[in-house]
Number of protein chains: 2
Amino acid sequence: MRPREFDHDEVLRIAFDQFWRNGVRGTSLSDIARDAGVQRGSLYNAFGSKEALFLQAYERYAEDYLAALQKALGAGSLRKRITAFFDLTITNFRSGTPPRGCPTTRGLMELGAAEGEGLDDDARQAFANLIARITALVQDTLSAGAARGEFDGNAAAAALHIVTVTRGLAVLERAFGDEPQLRKIAAHTIDLVLGKKGG
Amino acid sequence: MRPREFDHDEVLRIAFDQFWRNGVRGTSLSDIARDAGVQRGSLYNAFGSKEALFLQAYERYAEDYLAALQKALGAGSLRKRITAFFDLTITNFRSGTPPRGCPTTRGLMELGAAEGEGLDDDARQAFANLIARITALVQDTLSAGAARGEFDGNAAAAALHIVTVTRGLAVLERAFGDEPQLRKIAAHTIDLVLGKKGG
DNA sequence: CGATGTATTTGACGCTGTGTCAAAAACATG
DNA sequence: CATGTTTTTGACACAGCGTCAAATACATCG
């Protein structure tokens with residue numbers, strides 16, 4: 001066995017950074033190979049294809065992101081938790097200069113588009129998975145809040161609504177890039193779901 | 001002057017159909033040229049580039065779609081109007097086999113991704129424009145409903161919320177493709193914004 | 001310590017797709 | 001019928017994805 005000459009995880013991080021900033025379409029394997037100091041062929045050998053590389057880089061990111069979301073949802077009153085959730089979400093896809101957008105939404109739309117390619121099903125699955133896990137986190141938070149009397153309603157429906165709004169915010173961010181307006185929409189959503197009273 | 005040998009609008013329709021079904025990335029100008037019975041070079045001469053062709057085809061579609069939305073929003077009680085709005089929205093991006101998704105959201109994410117290309121700014125502008133016009137239509141409908149005592153709240157904020165949800169639905173459609181669930185989210189949103197009482 | 005085997009690296013190749021260009025063709029106009 | 005303008009046409013250059021065989025480097029075993 002000949003050992004790898006590069007660090008697997010570091011290449012994934014470099015690749016995801018490129019993909020996030022320039023999109024899947026706007027990133028060539030030559031770009032990644034140059035930035036990572038690796039031959040293009042080695043990337044194919046190690047990861048299979050451009051989309052497979054993106055997916056692996058994405059899933060690596062997704063775990064980190066989920067952990068951060070879980071932390072944001074874990075402290076304070078229910079309203080504080082949901083507010084922190086929206087804050088992290090918006091801050092995440094307004095990060096970078098220029099803002100890089102939501103990698104999940106962007107990836108889903110870029111890769112999930114072409115049907116019947118086989119790997120695209122894996123891609124869709126990966127994105128659907130993250131969204132489902134986020135929804136579950138929010139739902140658990142709402143259920144716990146309901147048990148403490150901070151929420152009165154259908155936790156599943158409310159969680160789905162909240163996550164739908166965050167996906168919509170990811171789209172509006174691309175269209176307008178008006179961060180204050182995004183935060184207004186988030187605040188309005190919280191009021192709608194939790195009621196307008198403070199706390 | 002030598003006259004065109006093809007029908008400008010028909011090519012736009014053929015092109016948009018391809019783009020909608022297979023995505024911008026998944027559609028080559030050779031595909032469109034073949035389907036339209038036109039040489040590839042003629043497309044470049046007439047439309048400039050692939051993205052420019054997509055944009056022109058998109059804007060042609062957008063006018064038709066806006067007209068349909070306006071019609072859906074124009075009859076019945078406020079609740080009926082907003083319900084018709086969501087119905088048309090979901091039906092639109094569940095149309096085709098397999099469902100083609102929301103062309104605005106897909107186009108925005110596919111083209112708006114690569115920054116600093118110049119034409120991409122035009123693309124973003126076109127999508128942002130449609131979203132803004134849809135929001136205005138919904139807001140007008142809500143304002144009119146408020147005047148008739150059917151709605152009590154901030155029409156601008158509510159319209160923005162509703163449109164944000166439709167963008168989120170477009171994303172969830174790609175992720176899960178579960179149409180009944182999409183319609184549930186829509187119904188839940190209507191209840192949140194208009195209140196749970198019938199009418 | 002040297003031989004063997006296995007996985008990685010490397011560079012060249014084929015293919016598809018975008019976009020450009022100059023020459024040929026077709027028609028409107030005078 | 002001659003002229004000029006625009007479209008058409010086919011060839012070309014270029015970038016990017018993916019593949020392959022040969023070369024390479026190392027672990028392992030005798």
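Every heavy atom of this structure was used, including side-chain atoms; hydrogens, water molecules and symmetry mates were not. Convention: sequence-line order gives letters A, B, ...; per-chain numbering from 1.
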Heavy-atom count check: over 12 atoms from other residues, nucleotides or ligands less than 6.0 Å from Gln125(A) CD?
no
Check the surroundings of atom CG in Asp152(B): do more than 12 heavy atoms from other residues, nucleotides or ligands lie under 6.0 Å from it?
no
Taking atom types as they are modelled, is there a donor-acceptor pair under 3.5 Å from the base of dT6(D) to the side chain of Arg2(B)?
no
Nearest-nucleotide check on DNA chain C, Ser30(B) vs Pro3(B); residue mapping nearer the 5' end is Ser30(B)
Take Ser28(B) and Asp31(B) through the test side chain to side chain donor-acceptor pair (under 3.5 Å) and record every step on the way to the result.
CA-CA 5 Å; Ser28(B) 74; Asp31(B) 294 335; 3.2 Å; yes
Contact summary for Ala186(B) and Ile90(B), nearest pair of heavy atoms:
CB-CD1, 4.0 Å
Heavy-atom pair with the smallest gap, counting every atom of Leu142(B) and Phe151(B):
O-CD2, 3.9 Å
Classify Phe47(A) by what it touches in the nucleic acid, base, sugar-phosphate, or nothing, heavy-atom distance under 4.0 Å.
nothing
Point-to-point distance, once rounded to the nearest 0.5 Å, from CG of Asp35(A) to OG of Ser30(A):
11.0 Å
Parallel, tilted or perpendicular: which fits the ring planes of His188(A) and His161(B), with parallel below 30° and perpendicular above 60°?
perpendicular
Distance in angstrom units between [X] [atom1] and [N] [atom2], rounded:
{"X": "Asn45(A)", "N": "dG18(D)", "atom1": "CG", "atom2": "P", "answer": "14 Å"}
{"X": "Tyr44(B)", "N": "dG10(D)", "atom1": "OH", "atom2": "P", "answer": "17 Å"}
{"X": "Asp7(B)", "N": "dT8(D)", "atom1": "CG", "atom2": "P", "answer": "12 Å"}

Range on DNA chain C touched by chain B, heavy atoms, distance below 4.0 Å
dG17(C) to dA28(C)
Under 4.0 Å, heavy atom to any atom of DNA chain D: which of residues 31-43 of chain A qualify?
Arg40(A)
Quick one: do Phe127(B) and Tyr58(B) satisfy ring-ring contact (aromatic ring centres under 6.0 Å, His included)? Show the steps, please.
CA-CA 9 Å; Phe127(B) 299 121; Tyr58(B) 173 77; 4.7 Å; yes
